[in-house]
Amino acid sequence: MTQEAIKLHDGYAAEWDDRYKSGGFRRRAKFVAEHIEPKLPNGGTWLDAGCGSGFFTRAIAKRGRTVLGVDGSSEMVSAAQLRAEGLPVAFETIDDLQTLDLGPRVFDGAICLSVLEYLKHPQRAVRSISSSLSIGAIAVFSVPNRKSVVRKVQGLSGRLPGRAPPKYLAYSTFSLDVEKAPDWFAVNGFRVVETDHFDPILPSYAHAAFAPSLAYYILRKVHTLNV
């Protein structure tokens, strides 16, 4: 994340977990629990890259997985540590996900949710995560859909008199064309296994007519990276 985005999330750390109790956050958590998490292999050692307050770190740890959550916000990491609940999880503050170096540690899987859009060089983060995974490992990334109707409307709302776009849009700048995703991930050793979509406002039956906000990519690491 940029330093500005980290400062923004620092300020939210104490109440970030509570956001998943209602609204679009609650619907997103339900979507991940029902549509993404059951498709992941149980067990193994996993990485949560950009873990925030550890909400999803804890969620994936409940199926026999040992999880390391890392984040650039020390306030988020502190909040995550307070909520560890005796699960097999650990948390670390990192300098930059785009240059992540976890030493000799190798993981069987990784998740990176609602993070790439806040980075100046998101593909560097994908590469650093890939470098931490074993061949055959599964990774899940969420990426804003460049054609998202909701994000476009939210951005345009800031041009109306007396209105301002949602604060996150000032920092959430990266998005990806769904059609280009397979090639975008392939350069870092991944093959797309499955793609799913979520929108905090639009119901799933509307996705065929209106592009949803987020695409979730379940990937498999299929080859090592060239140094």
side-chain contact (heavy atoms from CB on, under 4.5 Å) filter on Asp101, not counting sequence neighbours, yields none
Show every ring-ring contact (aromatic ring centres under 6.0 Å, His included) that has at least one partner inside residues 92-116, sequence neighbours left out. none
Going by side-chain hydrogen bond (donor to acceptor under 3.5 Å, both in side chains), name the residues that satisfy it together with Lys180, two or more places apart in sequence or in a different chain. none
Partner set under side-chain hydrogen bond (donor to acceptor under 3.5 Å, both in side chains) for Asp183, not counting sequence neighbours: none
For residues 191-203, which side-chain N or O atoms pair as donor and acceptor with protein atoms under 3.5 Å away, sequence neighbours left out?
{"residue": "Glu194", "atom": "OE2", "partner": "Lys39", "partner atom": "NZ", "Å": "2.5"}
{"residue": "Asp199", "atom": "OD1", "partner": "Ile201", "partner atom": "N", "Å": "2.8"}
{"residue": "Asp199", "atom": "OD1", "partner": "Leu202", "partner atom": "N", "Å": "2.8"}
{"residue": "Asp199", "atom": "OD2", "partner": "Ser213", "partner atom": "N", "Å": "2.9"}
{"residue": "Asp199", "atom": "OD2", "partner": "Ser213", "partner atom": "OG", "Å": "2.7"}

Closest heavy-atom contact between Ile129 and Ala110? CG2-CB, 3.9 Å
Rounded to the nearest 0.5 Å, the CZ atom of Arg65 sits from the CG atom of Leu40 at a distance of 5.0 Å
Hey, is Glu15 close enough to Lys21 for a salt bridge, meaning N to O under 4.0 Å? no
Quick one: side chains of residues 215-223, donor-acceptor pairs under 3.5 Å with protein atoms, not counting sequence neighbours, listed by atom name and distance.
{"residue": "Arg220", "atom": "NH1", "partner": "Gly136", "partner atom": "O", "Å": "3.0"}
{"residue": "Lys221", "atom": "NZ", "partner": "Ser130", "partner atom": "O", "Å": "2.6"}
{"residue": "Lys221", "atom": "NZ", "partner": "Leu133", "partner atom": "O", "Å": "2.9"}

Restricting to pairs with a member in residues 76-89, which pass side-chain hydrogen bond (donor to acceptor under 3.5 Å, both in side chains), not counting sequence neighbours? none
Apply side-chain contact (heavy atoms from CB on, under 4.5 Å) to Ser134 and list each qualifying residue two or more places apart in sequence or on a separate chain. Val106, Asp108, Ala137
Between Asp177 (side chain) and Glu179 (backbone), is there a donor-acceptor pair under 3.5 Å? no
Residues that Arg26 engages under salt bridge (charged side-chain N to carboxylate O under 4.0 Å, His left out), provided they are two or more places apart: none
CD1 (Ile36) and CZ (Arg28) are apart, to the nearest 0.5 Å, by 12.0 Å
Using atom types as modelled, flag every donor-acceptor pair under 3.5 Å from a side chain in residues 44-60 to any protein atom, sequence neighbours excluded.
{"residue": "Trp46", "atom": "NE1", "partner": "Gly43", "partner atom": "O", "Å": "3.0"}
{"residue": "Asp48", "atom": "OD2", "partner": "Thr57", "partner atom": "N", "Å": "3.3"}
{"residue": "Asp48", "atom": "OD2", "partner": "Thr57", "partner atom": "OG1", "Å": "2.6"}
{"residue": "Ser53", "atom": "OG", "partner": "Asp17", "partner atom": "OD1", "Å": "2.5"}
{"residue": "Arg58", "atom": "NH1", "partner": "Ser53", "partner atom": "O", "Å": "3.2"}
{"residue": "Arg58", "atom": "NH1", "partner": "Gly54", "partner atom": "O", "Å": "3.3"}
{"residue": "Arg58", "atom": "NH2", "partner": "Asp17", "partner atom": "OD2", "Å": "2.4"}

With sequence neighbours excluded, what pairs up with Thr99 under the side-chain contact (heavy atoms from CB on, under 4.5 Å) test? Asp96
Contacts of Phe174 meeting ring-ring contact (aromatic ring centres under 6.0 Å, His included) (sequence neighbours excluded), chain-then-number -> Trp184
Atom CG in Asp95, atom CG in Leu100: separation rounded to 0.5 Å? 10.0 Å
Parallel, tilted or perpendicular: which fits the ring planes of Trp16 and Tyr20, with parallel below 30° and perpendicular above 60°? perpendicular
